[in-house]
Structures are given as C-alpha cells and as structure tokens.
Amino acid sequence: MDNAPTSPLATYLAHLEQGHLAYQFSPEAAAPVFFPRVICPKTGSTNLQWRISAGLGTVHSTTVVHPQQGAPYNIALIDVDEGFRMMSRVEDVPPEQVRIGMRVQFRVHRPGGDEPPCPVFTPLDPA
Amino acid sequence: MRGLQRGGAAIVGVAESDLGAVAELMSPIDLMAQGIQRALADCGLTLPEVDGLFCATTQARTSAMSLVEYLGLPNAYTDSTIVGGSSFEIHVAHALAAITTGQCSVAVIAYGSTQRTVGRRAASVREYNPYETPFKPFLPASAYALAASRHMHQFGTTREQLAEVAVAARQWALLNPAAWEKKPLTVAEVISAHPISDPFTVRDCCLVTDGGGAVIMTSVERAKTLKKPPIYVLGCGQSITHATISFMPDLTVTGAVESGRQAYAMAGMRAKDIDVVELYDAFTLNPILFLEDLGFCAKGEGGPFISGGRIAPGGALPVNTNGGGLSYCHPGMYGLFLLIEAVRQLRGEGGQRQVAGCETAIVHGNGGVLSAQSTVILGTQATL
C-alpha cells in the first residue's frame, strides 16, 4: 500500500491558508470529526470527507489568561454550527467581555514568520 | 473494574519522600527510592522482597527502567502507565491484578518529582498541539478555568463557592504538620489573589512543590502477617474521556461518573457508605465536580453542597483531610498522596486531623485536564 500523500493536519492548514475553516465528516457515523484524523473514531473507517464550515459558531466557554508579562487575553471554546467544538480566541472585543452564548464568526489570523495561520473568531454583529 | 477481585490485595505500607523543597540535585528516582525505603519500614518488608514495580514521573522517559536499575531488581514485574496525576490509582488496579494472578507478590507504587527545584516547565515538558498551542492557553489552569466558567454559567456556581474549597483545604492543612502552607486563608483572600486564568486566582490553583512517595501492596495472606492493619482494595475504576480540553465531551461532567460507577459496583457500595473522601484538587473546581460525579450530591449542586464548611474540618463530610494539592503538597502528579492519606485515615494515624471511626475511604485521581479519571475504594478489615 502506498503511503498517504498528505496528513490530516497539512490538509487542515492548507484550507486555512485559503481562508477556510475545514473539518471532516464521517458518512458512516453521520457525524462531523474534529480534530482531523486518518480514521473515524466512531467507526474506524478511513472514509472521511473534508468539508468547509460556514464559519459561524457560539462561545461555549471562555477564560481570560493573565500572563506574567503582557496584556490579558482571551481563550474560548467555540461550538461551530456544523457540530464540532474547537479552541480559539475571540478578537475585536476586550477579553473579559467575551460571554458564553455569544455568536461569533470565523476569520483567519496570520501570525507571520514560521507560524502557521490559525482560526480566530470575532463577535457576529447583531442583525 | 471487570475481573478484579474485591479485597483481593491490601495496602500494607505508605510513606512520603522528602516534600516541599528538596535538596539540590536530588533526582525524581532518589525520591521514589526514599519513599520506598520508608514505606517498606512502615510495613516491615525489605527491598529484596519487592518483585513488582509500578511507577510514574514526568521527569524520566522510562521510569520503570530507571527504578529497576536504581533498586537492583532486574526480575521485577514492571508497569509505568502514565496518564497524569491519576496514574497511581490506575497502578493500584494493575497491582491488584498482578498480585491476584501471581505476577508479583510485593508491589511497590512509587512517584518522585523535583518540579519546584528544576522549574515546572523543565519538569513537565508540554507537547505542541496544533489545535490548542497557537492560542497560548496557560495549561493546565486555563483548561480547568474553561470548565469552571461553564459550570458557573450552567449551574450558578459562584466565585465564593470555588474559594470555599481552597479555604477548607487550608483548614485541613493547618492540622497536618507535613503541609506546605502554614497560615490561615479566607474567601476574600482567595478571590483577591493574583489572577491566573479567570475565574481562577493563584489560590484556586494547586501548589508547585517537590515530593514523592510510595505505597506497598501485597496479597491478603501476607498482609495479615505485617506490622500494621491491612487496608483492602475494595473497588477500582477508570475512564479516560479525552486528552485536550477542546475535546472533553461535556465540560461539566467528568469520567469520574464512569470510574466511580465501576469502583462502587466492585465494592458493593454507594457514596453514603463512604467515611472519608480524598479527591484530586488540582484546582478548586475539582472537588465540586468529583463530589457530583461520585454521587455525593446531584449534578450542578456541588457549589452549594461544599459551602458552609461542609468539607472543612468539623463539617459533615471530611474531604481532602491532608490539606490536598491546594495546601499540603503538589509535585505535579498528586494522585499517590491521596492513597497515602486515605490509608493513614483508615489506620487511625491522622493525628490532629483524624476522622473518627472511619472504615471506608474513596480515593479519586485526576490526570491531564479532567482527562484520566480513576477511583479506588479502600476499607479496613471490618469492610471485608
């Protein structure tokens, strides 16, 4: 059997480079899979489809980290609408104002240098 | 746990190594050996009689190999399962299995850490996780803080209730001469301490100390011939629900539900049958979660349950009677000390902090970020 041409993480990061939040979907389990893997954790199947999230979600939990040096910053767990949870941070709002239940929207943060892009979220403007 | 025999083996010796801030250049294996020597003296067995080694430390990649070399026990049965702070509760289950199937007859469970001396970062190198590390969570505190925020949101648990857990631990620690913390603590002091990761301040977080120790287990027949009354392993359970907080199935429900269910079923007991409770208190949220998940109160009621001094000295339910990881000692993987304290309470060796007439104890270890849960139920001869 040939080696896999690419890894789950490399595929995920390539999507992020393109500005997309990607996740996997397991047809057999009829469920999203995140973090990306080589097999579905429910069925063991290698049949995992890559899908692109619409990028909308809800803050599931939040904390403000107080580093020894530098300004406090936010860490949040986001329930993405397609049915998976991920760690991120909510930007464009003071860290202590991030609330559980807040609706948020994905955007790509590009730290530059050798660091890969990462998915962050901003508050979704009330309609 | 499936296939394990209730009361099939007993804990016969327990000891701490040096604690707090240990001598310069002391190694984690030195501390394991120190604990082993003291625990053997506690029960009257000798090193050549040891034929099973169970150990874990974050500072030795192959700790069982290191310990075998150090002790000169090439034929020992070994197990260095490591799943964080609950490793030692899992070792109890594995040692019980090994003793009852004849793999070994005198099992040592050992731990050592010099994290205070060498620094937490050097003692416990954290793996890069591409789905978490870029956001710079202050781990493990931020992970537990996310669970605490969710518990407060869902159940109305208050900042003061979290602080009360730290205050109760401090009150117990003041009764324990071996405890690191020596001064009283108030709810107001906990809340106004240096913030770490909201809602936690530094007083909601476990200590950073050095330390180690050992627990000796043997067969029921041999246990009866030794110096002190045997403390029997009545129940064991284990559940590992996740490794990273992002993927914890429910931030307010831990694997203690399942590990507790297994341990209670094996012991034939329920929460109301337990006299003394030793829970891994890495953060003030932990005892609240584990009291819920182990059936001492309903889900979501842990905050009100612990308030008013219920788990403090003189309260209705003695919890973390040595002062816990919050005020007694926390070298990084604290689970071994829960076992040591439970055994001392069941033997009546608790001194000023002794719980009167205790025959049963529940020990609940926690590893990772609420990840690896393991429960052990212990009892005196009267519970067999």
Side-chain angles (χ1 to χ4, degrees), chain A residues 7-13 16 21-23 32-37 41 58-80 84-91 94-102 108-111 114-121, chain B residues 119-121 127-157 159 162 192-205 208 240-253 283 285 289 369-370:
Chain A
S7 69
L9 176 59
T11 305
Y12 172 74
L13 290 175
L16 266 184
L21 177 60
Y23 66 101
V33 172
F34 192 86
F35 56 97
R37 300 165 210 209
T58 304
V59 175
H60 182 75
S61 194
T62 179
T63 182
V64 180
V65 179
H66 299 264
Q68 286 187 324
Q69 287 165 344
Y73 57 92
N74 175 257
I75 301 278
L77 295 179
I78 309 296
D79 284 333
V80 182
F84 62 94
R85 184 174 299 160
M86 62 187 302
M87 183 176 284
S88 184
R89 66 171 171 263
V90 181
E91 299 187 331
E96 69 281 0
Q97 284 180 23
V98 178
R99 292 275 177 268
I100 292 175
M102 186 181 261
V108 182
H109 171 72
R110 300 180 192 276
D114 291 341
E115 288 184 59
C118 73
V120 298
F121 286 81
Chain B
R120 204 170 65 90
R121 235 162 245 179
E127 292 159 38
Y128 180 87
N129 180 307
Y131 306 100
E132 291 198 344
T133 310
F135 305 106
K136 301 186 173 64
F138 182 65
L139 293 174
S142 293
Y144 289 84
L146 287 164
S149 296
R150 190 70 203 174
H151 201 276
M152 295 166 92
H153 171 83
Q154 237 169 287
F155 303 116
T157 308
R159 185 54 276 237
L162 291 170
S192 63
H194 176 69
I196 298 291
S197 192
D198 296 350
F200 295 149
T201 71
V202 67
R203 293 286 160 246
D204 291 285
C205 304
V208 178
I240 302 176
T241 49
H242 60 282
T244 45
I245 200 67
S246 306
F247 308 114
M248 183 169 180
D250 181 337
L251 289 179
T252 64
V253 181
F283 298 88
L285 173 70
L289 285 176
V369 287
L370 294 168

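Per chain, numbering begins at 1; letters A, B, ... match sequence-line order.
At least one donor-acceptor pair under 3.5 Å links the side chain of B:Ser149 to the backbone N or O of A:Thr62.
Contact of A:Pro36 with chain B is made through backbone and side chain together, with heavy-atom distances under 4.5 Å. Residue A:Phe84: no heavy atom, backbone or side chain, is found under 4.5 Å from chain B. When heavy atoms are compared at a cutoff of 4.5 Å, B:Pro130 approaches chain A solely by way of its side chain, counted from C-beta outward. Both the backbone and the side chain of A:Pro119 come within contact range of chain B, judged by heavy atoms closer than 4.5 Å. Both the backbone and the side chain of B:Leu146 come within less than 4.5 Å of a heavy atom of chain A.
Put simply, NE2 on A:His60 and CG on B:Asp250 are 6.5 Å apart, with the number rounded to the nearest 0.5 Å. The structure places CE of A:Met87 at 8.0 Å from OG1 of B:Thr244, a figure rounded to the nearest 0.5 Å. For the atom pair CZ (B:Phe138) and CD (A:Gln68), the distance works out to 7.0 Å, reported to the nearest 0.5 Å.
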Test side chain to side chain donor-acceptor pair (under 3.5 Å) applied to B:Ser197 and A:Thr63, step by step: CA-CA 6 Å; B:Ser197 192; A:Thr63 182; 2.9 Å; yes
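Most heavy-atom pairs under 4.5 Å with chain B, from the set A:Glu96, A:Arg85, A:Arg99, A:Met86: that is A:Arg85. In terms of heavy-atom pairs under 4.5 Å with chain B, the best-connected choice from A:Ile75, A:Val64, A:Asn74 is A:Val64.
The shortest side-chain heavy-atom distance between A:Val65 and B:Lys136 does not fall under the 4.5 Å cut-off. When side chains are defined from C-beta on, A:Leu77 does not count as touching B:Met248, because their heavy atoms never get closer than 4.5 Å. Side-chain contact between A:His66 and B:Asp198: present, with at least one pair of heavy atoms (C-beta onward) separated by less than 4.5 Å.
Residues A:Phe35 and B:Phe247 share a closest heavy-atom pair of CD2-CE1, 3.4 Å.
A side-chain contact (heavy atoms from CB on, under 4.5 Å) with A:Ile100 is found for one member of B:Gln154, B:His153, B:Met152 and no other, namely B:His153.
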